[in-house]
Amino acid sequence: MHLVRYLLPGQRPQVGVRTGDTVAPVHGVATMAELLRLSADELRTATDHQGDGVPVADVKLLPPLDGRGEVWCAGVTYERSRGARMEESTEQSVYDRVYSAPRPELFPKSPAWRLVTDGEEIGIREDSGHDVPEPELAIVANSRGEIVGFTICNDVSSRSIEGENPLYIPQAKVFAGGCALATGIRPAWEVADPRNLTIDLVIRRDGADVFTGTTSTKQLVRELQDLIDVLFAANEFPDGVILATGTGIVPELDFALRPGDQVVISISEVGTLTNTVAVGREPFAFLAAHTLEETR
């Protein structure tokens with residue numbers, strides 16, 4: 001079971017429950033923002049009340065966030081991430097310190113309207129030259145800071161820009177096509193142990209696997225609810241928030257994404273996210289062209 005946003009021809013986006021190859025609308029809930037304003041108990045009850053289903057093949061699945069929803073990210077939450085950041089950076093000590101500091105690294109990644117999803121392109125910067133995917137388990141929290149689900153985030157990043165100076169992190173992290181989410185949110189009550197999930201990354205180039213990696217959320221140095229609590233301590237998220245929890249898979253320094261690469265991220269019990277790489281702003285101009293009432 002996954003919570004999704006979807007579009008039928010000639011209609012506005014709807015919120016539904018995907019089970020297998022069928023999507024059914026949630027009664028009385030028009031947007032994901034409305035769903036994420038509910039308490040965890042209310043949300044679970046709401047998703048039990050569904051209308052008639054339609055085949056997934058007949059709809060367009062959309063990014064699972066709308067309204068004033070935001071995506072944030074946590075950084076340096078895996079030992080591998082700490083090592084990679086120190087290897088690439090001119091200021092190594094900041095990453096070593098934040099890994100074990102009481103306060104985690106948290107930063108905004110994308111508003112809902114800038115998101116891309118499964119089957120769409122992801123972006124790399126024209127002025128970087130060294131960009132990589134970052135496969136991450138993403139926590140879905142409602143407006144009250146309760147964890148209500150999980151999805152997959154590809155936190156695409158410029159290693160060259162961040163490595164030059166940690167103060168360039170916003171430019172290394174926030175750019176056109178730089179944040180992809182899987183189409184579905186797996187409800188929290190269906191994931192037995194989110195701290196024991198396998199994360200796999202495959203990058204294909206010209207039909208061949210050029211990079212593969214595996215990690216587990218067991219390697220996370222932070223507790224999931226602790227990350228959410230820090231995020232909500234000084235912020236309001238009236239339409240919910242998705243927090244990507246950091247990556248434990250980082251390619252070696254001699255690897256960089258190229259246009260046309262296919263990036264596949266799989267997380268056990270959560271789903272799969274597949275995207276193809278494009279360069280620059282132009283491929284993502286369609287995101288700004290949509291209004292909240294349209295496909296985004």
Compile the donor-acceptor pairs under 3.5 Å between side chains in residues 275-286 and protein atoms, sequence neighbours left out, one pair per line.
| from | atom 1 | to | atom 2 | distance (Å) |
| --- | --- | --- | --- | --- |
| Asn275 | ND2 | Thr117 | O | 2.9 |
| Asn275 | ND2 | Glu120 | O | 2.9 |

> Do you see a donor-acceptor pair shorter than 3.5 Å between the side chains of Thr214 and Asp200?
Replying inline: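 Indeed, the side chains of Thr214 and Asp200 share at least one donor-acceptor pair under 3.5 Å.
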> Do Ser160 and Ser128 have a side chain donor and acceptor closer than 3.5 Å?
Replying inline: yes
Indicate if [X] and [Y] have the same hydrophobic cluster label, given that clusters are the connected sets of ILVMFWY residues with side-chain heavy-atom separations under 4.5 angstrom.
{"X": "Val15", "Y": "Val4", "result": "no"}
{"X": "Val76", "Y": "Val221", "result": "yes"}
{"X": "Val23", "Y": "Leu62", "result": "no"}
{"X": "Met1", "Y": "Val29", "result": "yes"}
{"X": "Ile161", "Y": "Ile169", "result": "no"}

> Restricting to pairs with a member in residues 260-270, which pass salt bridge (Lys or Arg N to Asp or Glu O under 4.0 Å), not counting sequence neighbours?
Replying inline: Arg205-Asp261
Going from [atom1] on [X] to [atom2] on [Y], what distance comes out if it is rounded to the nearest 0.5 angstrom?
{"X": "Leu220", "Y": "Asp226", "atom1": "CG", "atom2": "CG", "result": "11.5 Å"}
{"X": "Gln171", "Y": "Glu164", "atom1": "CD", "atom2": "CD", "result": "9.0 Å"}
{"X": "Leu137", "Y": "Thr217", "atom1": "CG", "atom2": "OG1", "result": "6.5 Å"}
{"X": "Asp118", "Y": "Ile152", "atom1": "CG", "atom2": "CD1", "result": "8.5 Å"}
{"X": "Arg258", "Y": "Ile124", "atom1": "CZ", "atom2": "CD1", "result": "10.5 Å"}
{"X": "Gln225", "Y": "Ile139", "atom1": "CD", "atom2": "CD1", "result": "8.0 Å"}

Side chain of [X], backbone of [Y]: donor and acceptor closer than 3.5 Å?
{"X": "His2", "Y": "Val270", "answer": "yes"}
{"X": "Asn142", "Y": "Gly145", "answer": "yes"}
{"X": "Ser268", "Y": "Thr198", "answer": "yes"}
{"X": "Ser39", "Y": "Glu42", "answer": "yes"}

Minimal non-hydrogen separation, [X] against [Y], with atom names:
{"X": "Ile185", "Y": "Val140", "result": "CG2-CG2, 3.8 Å"}
{"X": "Gly51", "Y": "Ala24", "result": "O-CB, 3.4 Å"}
{"X": "Leu38", "Y": "Ala46", "result": "CD1-CB, 4.0 Å"}
{"X": "Leu3", "Y": "Thr47", "result": "CD2-CG2, 3.6 Å"}
{"X": "Tyr78", "Y": "Thr215", "result": "CE2-OG1, 4.0 Å"}
{"X": "Leu224", "Y": "Pro194", "result": "CD1-CB, 3.8 Å"}

Do [X] and [Y] come within less than 4.5 Å of each other through their side chains, counting heavy atoms only?
{"X": "Leu36", "Y": "Thr31", "result": "no"}
{"X": "Ile242", "Y": "Leu65", "result": "yes"}
{"X": "Val56", "Y": "Thr22", "result": "no"}
{"X": "Phe211", "Y": "Leu201", "result": "yes"}
{"X": "Pro104", "Y": "Thr77", "result": "no"}
{"X": "Thr272", "Y": "Val264", "result": "yes"}
{"X": "Tyr6", "Y": "Gln11", "result": "no"}
{"X": "Val210", "Y": "Phe255", "result": "yes"}

Listed partners of [X] passing side-chain contact (heavy atoms from CB on, under 4.5 Å), at least two apart:
{"X": "Ser143", "answer": "Arg37"}
{"X": "Asp58", "answer": "Pro55"}
{"X": "Phe175", "answer": "Arg125, Asp131, Val156"}

>> One pair to check against side-chain contact (heavy atoms from CB on, under 4.5 Å): Glu136 and Asn154. What are the steps and the verdict?
In response: CA-CA 6 Å; Glu136 307 186 17; Asn154 187 350; over 6 Å; no
Could you tell me whether [X] atom [atom1] has more than 12 heavy atoms of other residues or ligands within 6.0 Å of it?
{"X": "Asp193", "atom1": "CG", "value": "yes"}
{"X": "His27", "atom1": "NE2", "value": "yes"}
{"X": "Asp21", "atom1": "CG", "value": "no"}
{"X": "Asp52", "atom1": "CG", "value": "no"}
{"X": "Phe107", "atom1": "CZ", "value": "yes"}

>> Walk me through whether Leu253 and Arg159 qualify under side-chain contact (heavy atoms from CB on, under 4.5 Å).
In response: CA-CA 9 Å; Leu253 272 174; Arg159 296 191 73 179; 3.5 Å; yes
> In terms of side-chain geometry, is the basic nitrogen of Glu134 or Lys173 positioned less than 4.0 Å from the acidic oxygen of its partner?
Replying inline: yes
> Could you go step by step and tell me if Val263 and Leu257 meet the side-chain contact (heavy atoms from CB on, under 4.5 Å) rule?
Replying inline: CA-CA 9 Å; Val263 180; Leu257 287 173; 3.9 Å; yes
> Of all residues at least two apart in sequence or in a different chain, which pass the salt bridge (charged side-chain N to carboxylate O under 4.0 Å, His left out) check with Glu223?
Replying inline: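 If we apply the salt bridge (charged side-chain N to carboxylate O under 4.0 Å, His left out) test to Glu223, skipping adjacent residues, the hits are Arg195.
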>> side-chain contact (heavy atoms from CB on, under 4.5 Å) for Arg18 and Leu61? Distances and angles first, verdict last.
In response: CA-CA 10 Å; Arg18 177 178 180 176; Leu61 294 173; 3.5 Å; yes
